[in-house]
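Throughout, a chain's letter reflects where its sequence line sits, starting with A, and its residues are numbered from 1. Remember, predicted model here, so these are calculated numbers, not experimental data.
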There are 2 protein chains.
Amino acid sequence: MVDTRTKILDIAEGLVQRVGLNAMSYKDISEAVGIRKASIHHHFPKKENLVDGLLERCAVSYGDNYQRIVDGSEKAPDKLRKLAAVFADGLNNNKLCLVGSISTDSNTLQDSSCHILQSTIKNTVSIFAAVFEQGRQEQSLTFTGTDEETAFAFFSLLVGSQIVARSHGGMQLFQRAAEGVISGFER
Amino acid sequence: MVDTRTKILDIAEGLVQRVGLNAMSYKDISEAVGIRKASIHHHFPKKENLVDGLLERCAVSYGDNYQRIVDGSEKAPDKLRKLAAVFADGLNNNKLCLVGSISTDSNTLQDSSCHILQSTIKNTVSIFAAVFEQGRQEQSLTFTGTDEETAFAFFSLLVGSQIVARSHGGMQLFQRAAEGVISGFER
DNA sequence: GAAAGGCAACCTACCAGTAGGTAGGGAGCT
DNA sequence: AGCTCCCTACCTACTGGTAGGTTGCCTTTC
C-alpha cells in the first residue's frame, strides 16, 4: 500500500498532464485520492509546495527513465526512437510531458518552482545530448549544431509534437514527425 | 479608435500567450481594457465564445502572416528562417504562439473551440507544407517524410522550442535549435 | 506491563477572495 | 421606438487556505 503523499503526487501528476496546472484544484485531487481537501494541505501546505514536489519527483523519475535508455547498448538513432516512444506512450494516454505542460504555465509559477523546472530541463537536455555525442562518434548521426543545441531541439520537438498532435493529428502524425526528424539526422 | 470587441480580443490574446487560458480571467481582461467585467459578457456571453473568437481571429491573422512569408520570392530555407523569426519575436515579448498555448489546455476546451483549434492547426501545417514542397522542387531542402509530415514536425519544433526556451535557455537556445534544424534540412 | 505524552494523519467547519455569469437600468445613436 | 453598449448590483460555485478537534500509533517513563 502506497503512502498518501505518493498517492497525492500520482493523482496530481496525471491531472497536470491531462488538463494543465491551472485547471487542477485541490478539490479534484482530494476526490480522486479519497481524502478531504484539508488533508492535502497537511502534506502540501501551499499549492507551490505541491508543484515543487511534482517537479522534484519528475526530475528524478524522468531523468532515470531517460538515462536508462541512453545507457543502453543500441546505436544512437535507435536510442532517439526509444526516447520518442516515451512521449508516444504519454500521448496514447492523453498525457503531456509534465515538463512541457508546466512550462506552458511557467509565467504563473513561484520562483522556487521555476528554478526546479529550469534545472530539470537543463538535466534532461544533458542526458539527451549524450545520445548525439555517441551518434557523432560512431558516425550514425549528422547534425550542424553542438550536441547540447541539437538535444535541445530534439527535446523541444518531442514536447511540441506531443502538444500539437494531442489537439490535431494524433499518434500517427506524432510518430511520422519524430521518425522524419530522426531519419533526417541519420543521413 | 478601435472598437471594444477588438480591444477585448487583443488583451485576451496577450494574456493567453503570457499566462495561459486557465490563468486568464474576465477580471484581468476588464481591468486591462478599462470596462466592467459584466460588459465583457455583452460581447462574449460565455468564456467559450471568447476562446472561439480568439481562435477564429488568430486563424486568419496568423494564417495571413504565414502565407505572406510563404508567398515571398526567397528560397525555401530562408522562408523557414522567416517563419522561425515570427516565433522568436513572440518569445522576445514573453509570448507563446496562441495555438501552442491553447493546445496545452485543449482538454479543458468546449467542442466548438476544439474544432476551430484543429482546423487552425491543419491550415497552418498546410501553409508550412508549401515551403517544403518548394524546397523539394528547387532542391534546396532534403527530407524523408512527406511535405505535410515535415511541415507538422517543423511547426511542432517551433511551438515546443518556444515553450521550453521561455522556461530555460531563452532566445539564444531557441535560435540555435531552429537554425540547427533548418540547416539540417539544407544538406 | 501499563499509564502518559507526543505526534502524524486525517477530519469537520469555516474563511475571504475570485471565478464565470445574470438581471435590469440608463445613455446615446439611428 | 428600438438597438447597442456599458453600467451597478448581485448570484452561485468554487478557489486556496486556516482553525481546531479526533484518532491511533509509537515512545518514554514508572
Taking only nitrogen or oxygen atoms into account, show me every contact under 3.5 Å that the protein makes with nucleotides 24-30 of chain C, one pair per line with its distance.
none

Query raised in the report: Contacts to DNA chain D from residues 16-23 of chain B, heavy-atom cutoff under 4.0 Å, which residues?
Result: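 Listed by number, there are none.
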
Query raised in the report: Near DNA chain D, under 4.0 Å by heavy atom, which residues of residues 107-117 of chain A?
Result: none

Query - Sequence-distant partners of B:Ser113, side-chain hydrogen bond (donor to acceptor under 3.5 Å, both in side chains), two or more places apart - result: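 With neighbours one apart ignored, the set is B:Asp52.
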
Query raised in the report: Who passes ring pair (Phe, Tyr, Trp, His ring centres under 6.0 Å) against A:Phe44, sequence neighbours left out?
Result: none

Report task. Would you please name every residue forming a ring pair (Phe, Tyr, Trp, His ring centres under 6.0 Å) with A:Tyr26, sequence neighbours left out? Result ->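 Residues passing ring pair (Phe, Tyr, Trp, His ring centres under 6.0 Å) with A:Tyr26: A:His41.
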
**Report entry** Any A:Thr4 side-chain N or O less than 4.0 Å from OP1/OP2 of C:dC10
**Finding:** yes

Report summary line: The salt bridge (Lys or Arg N to Asp or Glu O under 4.0 Å) partners of A:Glu179 (sequence neighbours excluded) come to A:Arg81

Requested in this report: Please list, chain by chain and in numerical order, all residues satisfying salt bridge (Lys or Arg N to Asp or Glu O under 4.0 Å) with A:Lys82, sequence neighbours excluded.
Outcome: A:Glu74

Please enumerate all residues that pass side chain to side chain contact (heavy atoms under 4.5 Å, CB included) together with [X], with sequence neighbours excluded.
X: B:Thr6; value: B:Asp3, B:Asp10, B:Arg57
X: A:Val60; value: A:Asp64
X: B:Glu148; value: B:Val125, B:Ser126, B:Ala129, B:Thr146

Query raised in the report: Considering only D:dC7, D:dT4, C:dA8, which nucleotide approaches the side chain of A:His42 most closely?
Result: C:dA8

Is there any protein nitrogen or oxygen under 3.5 Å from a nitrogen or oxygen in nucleotides 17-27 of chain D, and what are the pairs?
residue	atom	partner	partner atom	Å
D:dG17	OP2	A:Lys47	N	2.8
D:dG17	N7	A:Lys37	NZ	3.4
D:dG17	N7	A:His41	NE2	3.3
D:dG17	O6	A:Lys37	NZ	2.9
D:dT18	OP1	A:Lys46	NZ	3.2

